[in-house]
Amino acid sequence: MADTPQETLANLLSEDRTFPPSPEFTQAANVTAAAYDEAAADRLAFWEAQARRLDWAKDWDRVLDWDNPPFAKWFTGGELNVSANCLDRHVANGLGDRVAIHFEGEPGDTRAVTYAELLDEVKRAANALTDLGVGAGDRVVIYMPMIPEAAVAMLACARIGAPHSVVFGGFSANALSSRIDDAGAKLVICADGGFRKGKAFALKPTVDEALESCPSVEQVLVVTRTGQEVAWNERDVKWEDAVGGASNEHEAQPFDAEHPLFILYTSGTTGKPKGILHTSGGYLTQASFTHHAVFDLKPETDVYWCTADIGWVTGHSYIVYGPMSNGATQVMYEGTPDTPHTGRFWEIVQKYGVTILYTAPTAIRTFMKWGDDVPAQYDLSSLRVLGSVGEPINPEAWVWYREHIGGGNTPVVDTWWQTETGAIMVSPLPGVTSTKPGSAQRPLPGISVDVVDEQGESVPDGGGGFLVIREPWPSMLRTIWGDDQRFLDTYWAHFDGMYFAGDGAKKDDDGDLWLLGRVDDIMLVSGHNISTTEVESALVSHATVAEAAVVGASDPVTGQGIVAFVILRGQSESSPEHLAELRAHVAKTLGAIAKPRQVIIVAELPKTRSGKIMRRLLRDIAEDREIGDVTTLADNTVMSRIKTGLQGGK
Ligand code: ATP
Ligand code: MG
């Protein structure tokens, strides 16, 4: 790996606030502390019991086949249909009238879709796909806005055993065509467009452009969402005709537990996206169990809302497969949090009585910036569990989330996982764990996550190093699509017999885990490895700071110097004294070694489409270099604005 720290991470940030669950929460919780003991006593028996939460057409012979590591097979010989587990069994159990999706379109149009209606639509879509010549094993690319048809398309593919590859609806023609090509897709399902920031945007023209270089695609199935004018080609088929006209009789066939369910390309924060392959039985077992355990979902009474896009793994595991396998009622929102006003999320929580909310630190920091008075205008008292995913959550943002969104009494679960892990790996359990702001805390029952040094030795409590996974887990990636060698090199070549996640982490004195960002982002200052996350969290703990991104820029004296890019909160203004105060604040919080060489105030930060800060681009600015590849940026003009702002300010 490029930037391997020569010594373990300096352990700078300390946090002693803890929030135990209320006795009432604990008493009613889905999962108790006993789960840790059961899993520790017999990990495979534990996962076998979780697999029994699903309906299997045929039992497995072996729980885990690890004869050819790191190529795992789970529940071998078992057969199930993933779509039937998410739909048919609920309807058969008399739950057909339960709302599966409360859809909220950005312009304000709404739809409530029951499980019976969703099943009906998925059966029609499965028949339509079959009529279009799609069969088991054929890949289907889905390029859609956040509308119920996106979930229908995924579940219809799963139903007929055609692996889907969802590509985020904001990606360019280039990004789309490279993913279509890599997956060798036969069919693309898209919409004419969607609504975002108060306007209709187009998707179909991007598909047309992408397909100029994708010979594998035979047909395109187009959902009408906006009704905008679109060019029509011979290969195009209207969803409303094909699906609307298809029969709603469809018997789901079981597939092997290891049948491919989907390929999903990683967010591309660090480089060229990897086509992560997930299969059926183990994936659904862990997505379903973790959703039940970490969010404490009570399907009869809860209203769940995950704000991720379906184009990310969070949308796969915690909008479609986890919640639906558990029979959840959920909100699906098409648009952005500030359309038509900055209270839109809280208006939705109030309107539907959302009880469980799962969102990302980038969103939480944005809400902090918009001000406490925005959520204060809404009744958020229905909320009982709050989740976070995507990046380390700064302790200050965690506390703000609990106070201003959770009314000071909801558990906050910081969930660490990756596209590759398929499902949550490290997280508090809301009825068991005394939560700690900024820490993802413990591996879930049945998961062997550890922090090791360069030699692969487990670090003691108080130490820092590399996050690894010691034992195979049910929803683990099976390979990188079409590239077993890259799978081996990327994840298994660093430490003997262990999966290397690419993230740095530390264990605090209680043994709780703290994620410290990508190993590639770790800074080496005067011989000390310092995590960007800790310096960022120290900055965010200053009352005037909303968001911070920190990089190490080469420095003739110290090796690397810390350069911080900071977005201010609300209306606050900066001055040379203020900048000095921010630098001093970091030194006071973390020690003099972590004092930034330079603090630069910016209006925005470069982020991926999934909202993660792309530090490597800021490093280019800090080192005054040509800016690198910006194709996965949400807005690829942001870098030139940051640069111009800097020059203007000089
Ligand atoms: P690429 O692998 O292409 O660079 P990516 O890693 O951003 O993209 P994802 O799989 O979407 O793609 O993100 C997983 C990564 O997100 C983790 O490896 C970690 O760095 C970060 N992450 C996710 N959740 C958390 C969390 N709760 N705490 C800290 N980091 C997190
Ligand atoms: Mg990654």
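Remark: the Thr490 side chain and the Lys274 side chain contain no N/O donor-acceptor pair separated by less than 3.5 Å. Tyr358 and Thr415 are linked by a side-chain donor-acceptor pair at a separation below 3.5 angstrom, with hydrogens and angles left out of the test. Checking Glu573 against His578 by side-chain atom types alone, no donor-acceptor pair falls below 3.5 Å. Side chain to side chain, Trp370 and Asp338 fail the donor-acceptor criterion of an N or O pair below 3.5 Å.
The shortest distance between side-chain heavy atoms of Val412 and Phe19 does not fall below 4.5 Å. Looking at heavy atoms from C-beta onward, Ile405 lies in side-chain contact with Trp400 at the 4.5 angstrom threshold. The shortest distance between side-chain heavy atoms of Ile642 and Ile600 does not fall below 4.5 Å. Looking at heavy atoms from C-beta onward, Ile180 lies out of side-chain contact with Val167 at the 4.5 angstrom threshold. Residues Ile469 and Met476 fail the side-chain proximity criterion, which asks for heavy atoms closer than 4.5 Å. In this structure the side chain of Glu454 reaches within 4.5 angstrom of the side chain of Phe466, judged on heavy atoms. Contact of the Asp508 side chain with the Lys436 side chain is registered, since non-hydrogen atoms from C-beta on lie closer than 4.5 Å. Taking the side chain as every heavy atom from C-beta outward, Pro361 and Asn394 never approach each other to under 4.5 Å.
Listed here is the closest heavy atom pair of His404 and Asp372: CE1-OD2, 3.4 Å. Closest of all the heavy-atom pairs between Gly198 and Thr339 is N-CG2, 3.4 Å. Of all the heavy atoms in Ala397 and Ile364, the pair that sits closest is O-CG2, 3.6 Å. Here the closest non-hydrogen pair linking Pro145 and Ala150 is O-CB, 3.8 Å. Residue Ala308 comes nearest to Ile319 through the heavy atom pair O-CD1, 3.3 Å, listed as atom of the first residue, atom of the second, then distance. Nearest heavy atoms, Val451 versus Ala505: CG1-O, 3.5 Å.
Here the side chain of His316 pairs a donor or acceptor atom with the backbone of Ile310 at under 3.5 angstrom. Here the side chain of Arg179 pairs a donor or acceptor atom with the backbone of Ala175 at under 3.5 angstrom. Thr532 contributes no side-chain N or O that, together with a main-chain N or O of Ile522, makes up a donor-acceptor pair within less than 3.5 Å. Judged purely by atom type and a 3.5 angstrom limit, Arg365 has no side-chain atom pairing as donor or acceptor with the backbone of Ala546. Under a 3.5 Å cut-off, the side chain of Asp192 and the backbone N or O of Thr226 do form a donor-acceptor pair. Formation of a donor-acceptor pair under 3.5 Å by the Asp453 side chain with backbone atoms of Gln455 is found in this model. With hydrogens and angles ignored, the 3.5 Å screen pairs a side-chain donor or acceptor of Tyr401 with a backbone N or O of Gly387. His278 contributes a side-chain N or O that, together with a main-chain N or O of Thr419, makes up a donor-acceptor pair within less than 3.5 Å. Within the 3.5 Å criterion, the main-chain N or O of Glu106 finds a donor-acceptor partner in the side chain of Arg344. For the pair His528 (side chain) and Leu524 (backbone), a donor-acceptor distance under 3.5 Å is absent.
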**OP:** Evaluate the salt bridge (charged side-chain N to carboxylate O under 4.0 Å, His left out) criterion for residues Lys607 and Glu391: first the C-alpha distance (whole Å), next the side-chain angles of each, then the deciding distance (0.1 Å), finally the verdict.
**Re:** CA-CA 12 Å; Lys607 291 189 178 162; Glu391 285 182 295; over 6 Å; no
Original post:
Yes or no on salt bridge (charged side-chain N to carboxylate O under 4.0 Å, His left out) for Asp620 and Arg616, after CA distance, side-chain angles and deciding distance?
Top reply: CA-CA 6 Å; Asp620 292 342; Arg616 68 177 168 81; 5.4 Å; no
Subject >> Worked check of side chain to side chain contact (heavy atoms under 4.5 Å, CB included) between Ile621 and Met639 >> reply: CA-CA 9 Å; Ile621 288 199; Met639 290 315 292; 3.6 Å; yes
**OP:** Begin with the C-alpha distance, continue with both residues' side-chain angles, and end with the deciding distance and a verdict on side chain to side chain contact (heavy atoms under 4.5 Å, CB included) for Leu277 and Phe487.
**Re:** CA-CA 10 Å; Leu277 176 68; Phe487 170 65; over 6 Å; no
**OP:** May I have the step-by-step check of salt bridge (charged side-chain N to carboxylate O under 4.0 Å, His left out) for Asp450 and Lys507, ending in yes or no?
**Re:** CA-CA 9 Å; Asp450 198 2; Lys507 292 181 190 166; 3.0 Å; yes
Original post:
Are Arg470 and Val452 close enough, and set up right, to give a side chain to side chain contact (heavy atoms under 4.5 Å, CB included), and what steps lead you there?
Top reply: CA-CA 10 Å; Arg470 288 186 176 279; Val452 299; 3.7 Å; yes
Subject >> side chain to side chain contact (heavy atoms under 4.5 Å, CB included) assessment of Ser531 paired with Trp514 >> reply: CA-CA 11 Å; Ser531 104; Trp514 291 74; over 6 Å; no
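Taking the six-membered ring for Trp, Trp492 and Tyr499 have ring centres closer than 6.0 Å.
One finds no salt bridge joining Asp309 and Arg609 here, because no Lys/Arg side-chain nitrogen approaches an Asp/Glu carboxylate oxygen to under 4.0 Å. Ion pair Arg569/Glu396 not flagged as a salt bridge, since none of the NZ, NE, NH1 or NH2 atoms sits closer than 4.0 Å to an Asp/Glu carboxylate oxygen. Under the 4.0 Å criterion applied to side-chain N and carboxylate O atoms, Lys506 and Glu534 are assigned as salt-bridge partners. For the pair Arg615 and Glu536, the salt-bridge criterion is met [side-chain N within less than 4.0 Å of a carboxylate O].
Atoms CG and CD1, from Leu488 and Ile480 in turn, are 9.0 Å apart once rounded to the nearest 0.5 Å. Distance check, rounded to the nearest 0.5 Å: CG of Asp503 to CG of Leu516 gives 9.0 Å. Residue Leu264 holds its CG atom at 6.5 Å from OG of Ser165, rounded to the nearest 0.5 Å. Rounding to the nearest 0.5 Å places CH2 of Trp416 at 9.5 Å from CG of Leu513. Rounding to the nearest 0.5 angstrom, the gap separating the CG atom in Leu568 from the CG atom in Leu582 is 7.5 Å. Taken to the nearest 0.5 Å, the CD atom of Glu334 stands 9.0 Å off from the CE atom of Met146.
Exactly one of Val426, Ile447, Val313 qualifies for a side chain to side chain contact (heavy atoms under 4.5 Å, CB included) with Trp417. That residue is Val313.
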